[in-house]
Amino acid sequence: MSWLIGATLFWLAAWALNVRLAASRFGATRAGRITVAALFGITLLVLWEGLVRGFAVSPIILPGPSVIGPKIASSLPILWADFVQTVIKGALTGFAIGALAAFAAAIAIDRSPFLQKGLLPIGNFVSALPIVGLAPVLVMWFGFDWQSKAAVVVVMVFFPLLVNMVAGLQATDRLHRDLMATYSATYTQRLLKLRLPAAMPFFFNGLKIAATLALIGAIVAEFFGSPIVGMGFRISTEVGKLGLDMVWATIAVAALSGSALYGLIALIESRVTFWHPSQRK
Amino acid sequence: MTRAMPVLTVLGAIFALWYLAAIWMNATWVYDQAQRAGTTVTLAQVIPQTMAQARPLLPPPHQVAAELWKGVTAQAITSKRSLVYHGYVTFRGTMMGFALGIVLGVALAMAIVRFRVMELSVMPWAIISQTIPIVALAPMILTVSNQIGIDNREVPKAIISAYLSFFPVLVSMVKGLRSPDHMQLDLLSTYGASDGQTFRKLRLPASLPYFFASLKVAIAAALIGTIVGELPTGAIEGLGARMLIGSQFGEPLIMWAALFAAAILAGGLILIVGLIERMAQARMGVPA
């Protein structure tokens, strides 16, 4: 009972503090925003722990953060091996291949109005389909190891990226194109100096969407067959063994890698498209 | 017609490539069989054999179409082998998740626009929640909801689907509720309008175009969520479960038929949402 009351009190106190912070001048600064968000995150963890202890929930159903934390610390080698197998070999390889392929295909399509008119509606439609369903087929073709996971990721990220990149290549101003024409710029010059830079905000938008899809694809593909290492494998076997603390540890790693990948792309984006209005401070 | 031509050409090219790939990929099996039988086969003999295998590596389009047709018409639609039945299960899950996602997204957006503390504390975590691969959470959601006494397999599926579909609604609604400009807000404050009145008469109508635009993204996400939710949660019905069964029993045709049924379902749902969007726009006087 005291756990429940304690957690609730903590929640109320943190919320009151957040309300004051948000209204204060500190809340308008960068540090203030991070503090408020972090406080909210900590509150969620405390509430989780309080509820688990207060209602005496069995660790077989839902372990609290205080159980999961030590589990992460004690099984770092396994988590690292899973991370390498799923994220680095599966997701990132597929992500890189898919992004390069979409980039190249978009530039190729862009030269032909006929292909644009033909492929764009199809690309738009396909990027809304549950492509993840191809996972069992690709696992059958490429085997159980990371190659099949990378293949799933390639197919999943290709179409959203293609659609974004083609839209980006068309996003130049009339004025800018006319300027290039008065300079009598060649196709390559126009592409390199005007259209590719102009397409970059769109491409990075696509990359951000694709980053999440990449991890989903790599993990789902492991449900259809995998070697005895990998995050999807770990989750499905540990659920079967009721080792839920290990499942949550893997989820924490997945969440961290997803956020890190997203953050990395956002960082590169701010360097590449520093000129874009959304990046100005 | 000028718009359909390029699309049809590209579709035709895709089918041609598909057939070629099917011949190329399935030929290995034919050659293996011939070698084991001690006979040799010519290319002209191989091609027909790649078109009608029971377990092809890549089934050609007409085999998938036949399996799809069989799945829809060969039995009563309530049968466990009927794709209509499984499609309906997936559809129901998608709709539940979609509805839940819309409610959650709109409610959060309203709170975020109204209270600054909500924006500062919830918005960053909403973004982070989308970078977490939901499939990792899916088996957990099933275990937890099972243990707290929810036997219904629909619930975990709907939660996963709502988790993916609430985000586009949330982002668009925040944008939409903030879209009225200062002049309009100032006008309402000169009328002495209360917060509630400003919300009902200005912010809500202004946000509707954003809302409908987000629905298309949300319905696609909801369907992906439902199918993913059917994979690891041990579901025995639904298109995702059909894919899993096809994969585990080595029946590629079942897998492909389920895949295309899912694609058709996705296309239909997007079409319907698009129609609703256009109807709403027409009613609100947006020029088509």
Side-chain angles (χ1 to χ4, degrees), chain A residues 15 18-19 21-23 27 32-34 36-37 39-41 43-44 58 60-62 114-119 121-122 125 127-137 139-141 211-212 215-216 218-220 223-225 231-232 235-236 239 244 247-248 250-251 254-255 258-259 261-262, chain B residues 2-3 5-11 13-14 25 57-58 115-117 119-125 127-128 130-137 139-140 142-144 147-148 216-217 219-220 223-224 226-228 231-232 239-240 243-244 246-248 250 252 255-256 258-259 262-263 266-267 270:
Chain A
W15 191 252
N18 261 351
V19 170
L21 277 179
R33 289 172 157 268
I34 295 174
V36 173
L39 204 55
F40 182 73
T43 316
L44 287 185
S58 149
I60 295 172
I61 299 171
L62 185 65
F114 183 78
L115 273 184
Q116 264 182 40
K117 279 191 209 125
L119 265 177
I122 295 178
F125 178 66
S127 52
L129 294 183
I131 301 232
V132 76
L134 268 181
V137 176
V139 169
M140 190 173 79
W141 288 354
T212 330
L215 279 180
I216 292 186
I219 294 178
V220 166
F223 291 136
F224 291 102
M231 280 151 67
I235 290 169
S236 44
V239 164
L244 290 207
V247 178
W248 279 105
T250 308
I251 291 173
S259 307
L261 190 56
Y262 188 92
Chain B
T2 46
R3 276 179 63 197
M5 258 312 284
V7 177
L8 290 177
T9 316
V10 171
L11 272 181
I14 290 175
M25 291 186 72
L57 216 46
L58 173 62
F115 302 107
R116 189 170 152 70
V117 63
E119 182 192 359
L120 288 185
S121 47
V122 175
M123 200 59 184
W125 289 102
I127 295 172
I128 290 175
Q130 296 302 301
T131 66
I132 299 172
I134 174 63
V135 285
L137 276 171
M140 284 314 311
L142 180 86
T143 327
V144 172
Q147 293 291 339
I148 56 178
K216 263 192 223 166
V217 185
I219 189 88
L223 181 62
I224 294 178
T226 312
I227 289 181
V228 165
L231 296 177
L239 294 173
M243 291 174 196
L244 195 65
S247 153
Q248 282 169 350
M255 223 150 71
W256 282 92
L259 188 61
I270 292 167

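All values below were derived from every heavy atom in this structure, side-chain atoms included, with hydrogens, water molecules and symmetry-related copies excluded. Please read these numbers as outputs of a predicted model, since none were measured by experiment. All chains are named by letter (A, B, ...) in the order of the sequence lines, taking the proteins before the strands, and each is independently numbered beginning at 1.
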> Heavy-atom distances under 4.5 Å only: say whether A:A254 touches chain B with side chain, backbone, both or neither.
both
> Answer with side chain, backbone, both or neither: which region of B:L239 has an atom nearer than 4.5 Å to a non-hydrogen atom of chain A?
neither
> Under 4.5 Å heavy-atom distance to chain B, tell me which part of A:I34 shows up: side chain, backbone, both or neither.
neither
> Side chains of B:F115 and A:V19, heavy atoms from C-beta outward: is any pair under 4.5 Å?
no
> Let me confirm one number: the CZ-CG distance from B:R116 to A:N18, rounded to the nearest 0.5 Å.
11.5 Å
> Just verifying a value: how many Å separate A:L119 CG and B:I14 CD1, rounded to the nearest 0.5 Å?
6.5 Å
> Which bit of A:I122 comes within less than 4.5 Å of chain B, counting heavy atoms only: side chain, backbone, both or neither?
side chain
> Checking B:L11 against chain A: side chain, backbone, both or neither under 4.5 Å from a heavy atom?
both
> Taking all heavy atoms of B:I224 and all of A:P130, pick out the closest pair and write down the distance.
CG1-CA, 3.8 Å
> Is it the side chain or the backbone of B:M123 that comes within 4.5 Å of chain A heavy atoms, both, or neither?
neither
> Non-hydrogen atoms of chain B under 4.5 Å away: do they reach the side chain of A:S259, the backbone, both or neither?
both
> State the CZ-OG1 distance between A:F114 and B:T9, to the nearest 0.5 angstrom.
3.5 Å
> Between B:L120 and chain A, which part of the residue has a heavy atom less than 4.5 Å away: side chain, backbone, both or neither?
both
> Sort out for me which of B:A263, B:A258, B:G246 touches chain A most, counting heavy-atom pairs under 4.5 Å.
B:A263
> Does some side-chain heavy atom of B:V117 sit less than 4.5 Å from a side-chain heavy atom of A:W15?
yes
> Measure A:V36 against the heavy atoms of chain B and call it side chain, backbone, both or neither at under 4.5 Å.
both
> Flag the one option from B:G240, B:A266, B:S121 with the top tally of heavy-atom pairs under 4.5 Å to chain A.
B:S121
> Checking heavy atoms, do the side chain of A:L215, its backbone, both or neither come under 4.5 Å from chain B?
both
